[in-house]
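Reading through the structure tokens given below for one structure.
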Amino acid sequence: MPHPFQVTARCTTTRARTGRLSLVHGTVETPVFMPVGTLGTVKSLTPEDLTAAGAQIILGNTYHLYLRPGCDVIDRFSGLHRFMNWDGPILTDSGGFQVFSLARLTRITEAGASFQSHIDGSRHLLTPEKSIEIQISLDSDVIMCLDQCIAYPAERAAALAALEITTQWAGRCRKTWREQSGEKNALFGIVQGGMYDDLRRMSAEALTAMDFSGYALGGLSVGEPNQMMYDVAEAALPLLPGDRPKYIMGVGTPEDLVELTARGADMFDCVMPTRNARNGQLFTRRGTLNIANSRHRTDTAPVDSECACYTCRNYSRAYLRHLYQSRELLAYRLNTLHNLHYYLDLTARMRSAIAEGRFEAFRKRFYADREPGGA
Ligand SMILES: O=c1[nH]cnc2cc3nc(NCCN4CCOCC4)[nH]c3cc12
């Protein structure tokens, strides 16, 4: 299939751009933030909540879904969309990152990643072919190659070894994708190479030669200093084809989304808005606030007076603090609704700013609004 991405507008003073990604289950406007729905749910929200908050595409995790509920269950619904009642686009991570970060006794060979389930200790071998087959059975709109993400810091030799395995696996993923999906879904390659610009170039060139629907920068947001992440992205993003979507995995804070959009990234995913919501940390234009803080105890104002989300239109900080202190289930839902709305609204405002030629002014206002001590 022709690659599914069109650039629709470009900033003239940064590498920011807007684009349109046409997928099987719908069209995605970029830059886009993808809420993380690891186990077939964005925790505490219904698909209707997600759509109301502005979600265009969500992320599912192959490793988790493969282990629980298992592919045989999801096959009964011809994929993840009908199983979870989300009819918009879904991107699935390949499982590699979760195997390295969650599973036990993982061993990497050229064949694939053998590991023990973190749930019941059962042994599994995740090969590039198996990862693609699982993602095709999930009916994922964007399939990610199985890659080897290394921790930070990593010796250059280790980074090179991981990128060579990643490159070899990418070729096997592409072959399986072509043979078994007829290229119906998009397939993204993942650039590795640690924090070494020359290795990143080597990885980007090898993947570009294989011609993927889009490309991700992997191996970031793994504990490196933020400025290092920006510098690696700044050097690596332009090495990728300008007419394909560029996705930075596992990123990030609101500032990261602004800074990396300015450097040419189009797609993001991160557990931060949803996980931090469940830990009481709320995002606003002025910065973050911790709803458990006693300063909110009698505060009748909403989290953010400029926020149009359901939570801010209907509830006060005092009430949200009460729910959170009481560990009421509603706390997690209302906090998550607010945080996701903040992230999705931020990307919507970036898209408008880029399309109207005022991204730099947007970026300046983004920082000017932030209070030194947080919201
Ligand atoms: O190379 C990668 N390959 C495939 N998937 C990934 C997922 C990734 N996710 C992160 N970082 C997530 C960091 N989170 C930030 C918020 O708190 C939880 C951790 N880095 C990642 C790298 C990769």
Side-chain angles (χ1 to χ4, degrees), residues 33-38 42-43 58-66 91-103 106 108 112-113 115 126 128 131-132 134-135 140 142-154 158-159 161-167 169-170 173 187-196 199-200 203-204 207 212 214-226 228-230 232-233 236-237 240 246-257 259-260 265 267-281 283 288 336 339-340 343:
F33 178 78
M34 300 181 279
V36 175
T38 296
V42 176
K43 290 178 172 44
I58 63 170
L59 182 142
N61 282 125
T62 299
Y63 169 83
H64 290 280
L65 292 165
Y66 161 76
L91 178 146
T92 46
D93 194 345
S94 61
F97 187 76
Q98 282 74 33
V99 164
F100 304 128
S101 51
L102 282 175
T106 302
I108 309 294
F115 64 92
L126 186 62
S131 175
I132 299 301
I134 296 168
Q135 296 179 74
S140 169
V142 179
I143 293 174
M144 299 305 293
C145 285
L146 183 65
D147 62 328
Q148 191 184 348
C149 173
I150 45 166
Y152 171 82
L163 107 75
E164 284 170 344
I165 284 208
T166 294
T167 304
W169 286 357
C173 286
L187 176 66
F188 282 21
I190 305 178
V191 174
Q192 293 291 346
M195 306 304 159
Y196 301 95
L199 296 188
R200 288 275 173 179
S203 182
L207 294 177
F212 286 100
Y215 299 86
L217 293 189
L220 294 176
S221 191
V222 289
E224 75 281 10
N226 234 31
M228 185 180 284
M229 174 172 72
Y230 295 168
V232 168
L237 287 169
L240 297 168
K246 304 177 188 183
Y247 164 28
I248 302 191
M249 307 186 83
V251 174
T253 65
E255 297 86 344
D256 294 340
L257 268 57
E259 289 308 311
L260 292 168
M267 300 170 72
F268 304 93
D269 87 272
C270 191
V271 295
M272 207 169 257
T274 42
R275 182 178 295 176
N276 292 27
R278 297 194 301 276
N279 296 323
Q281 186 185 63
F283 292 89
T288 61
T336 301
N339 277 358
L340 262 193
Y343 265 68

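Counting convention: from 1, in listed order, for ligands and their atoms alike.
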Checklist entry - side-chain contact (heavy atoms from CB on, under 4.5 Å) between Ile134 and Leu65: does it pass, once the steps are laid out? => result CA-CA 9 Å; Ile134 296 168; Leu65 292 165; over 6 Å; no

Next on the checklist: Over 60° means perpendicular and under 30° means parallel, so tell me whether Phe115 and Tyr63 are parallel, tilted or perpendicular.
Outcome noted: tilted

Checklist outcome for this item: ligand 1 to Arg275, heavy atom cutoff 4.0 Å, flagged ligand atoms 18 (C)

Checklist entry - Does ligand 1 have an atom that lies less than 4.0 angstrom from a heavy atom of Gln192? => result yes

Item to check | Nearest-neighbour protein heavy atom for atom 12 (C) of ligand 1, which is reported as residue plus atom name and distance | outcome: Gly250 O, 3.6 Å

Checklist entry - Is there side-chain contact between Leu220 and Met249, with heavy atoms separated by less than 4.5 Å? => result no

Checklist entry - At a 4.0 Å threshold, what atoms of ligand 1 neighbour a non-hydrogen atom of Gly218? => result 1 (O), 2 (C)

Checklist entry - When you measure from atom 17 (O) of ligand 1 to every protein heavy atom, which one gives the shortest distance, and what is it? => result Val271 CG2, 3.9 Å

Checklist entry - Quick one: which ligand 1 atoms are inside 4.0 Å of a heavy atom on Asp147? => result 1 (O), 2 (C), 3 (N), 4 (C)

Next on the checklist: I'd like to check which ligand 1 atoms, numbered from 1 as shown, lie under 4.0 Å from a non-hydrogen atom of Gly219.
Outcome noted: 1 (O), 2 (C), 22 (C)

Checklist entry - Going through the checks in order, is the side-chain contact (heavy atoms from CB on, under 4.5 Å) test met by Leu217 and Leu240? => result CA-CA 10 Å; Leu217 293 189; Leu240 297 168; 4.1 Å; yes

Checklist entry - Side-chain donor-acceptor pair under 3.5 Å between Tyr230 and Asn226, yes or no? => result yes

Item to check | atom 5 (N) of ligand 1 [closest protein heavy-atom partner, distance rounded to 0.1 Å] | outcome: Asp93 OD2, 3.1 Å

Checklist entry - Given side chains that start at C-beta, do those of Phe33 and Pro273 come closer than 4.5 Å, heavy atoms only? => result yes

Next on the checklist: For atom 20 (N) of ligand 1, what's the nearest protein heavy-atom neighbour? Residue, atom name and distance, please.
Outcome noted: Leu220 O, 2.8 Å

Checklist entry - Which residue from Tyr63, Tyr152, Phe97 reaches closest to atom 22 (C) of ligand 1 through any of its heavy atoms? => result Phe97

Checklist entry - Residues in salt bridge (Lys or Arg N to Asp or Glu O under 4.0 Å) with Glu259, at least two apart? => result Arg263, Arg363

Checklist entry - Which residues satisfy the side-chain contact (heavy atoms from CB on, under 4.5 Å) test with Thr166, sequence neighbours excluded? => result Asp147, Gln148, Gln192

Checklist entry - Of all the atoms in ligand 1, which lie at a distance below 4.0 Å from a heavy atom belonging to Ser221? => result 10 (C), 11 (N), 12 (C), 13 (C), 20 (N)

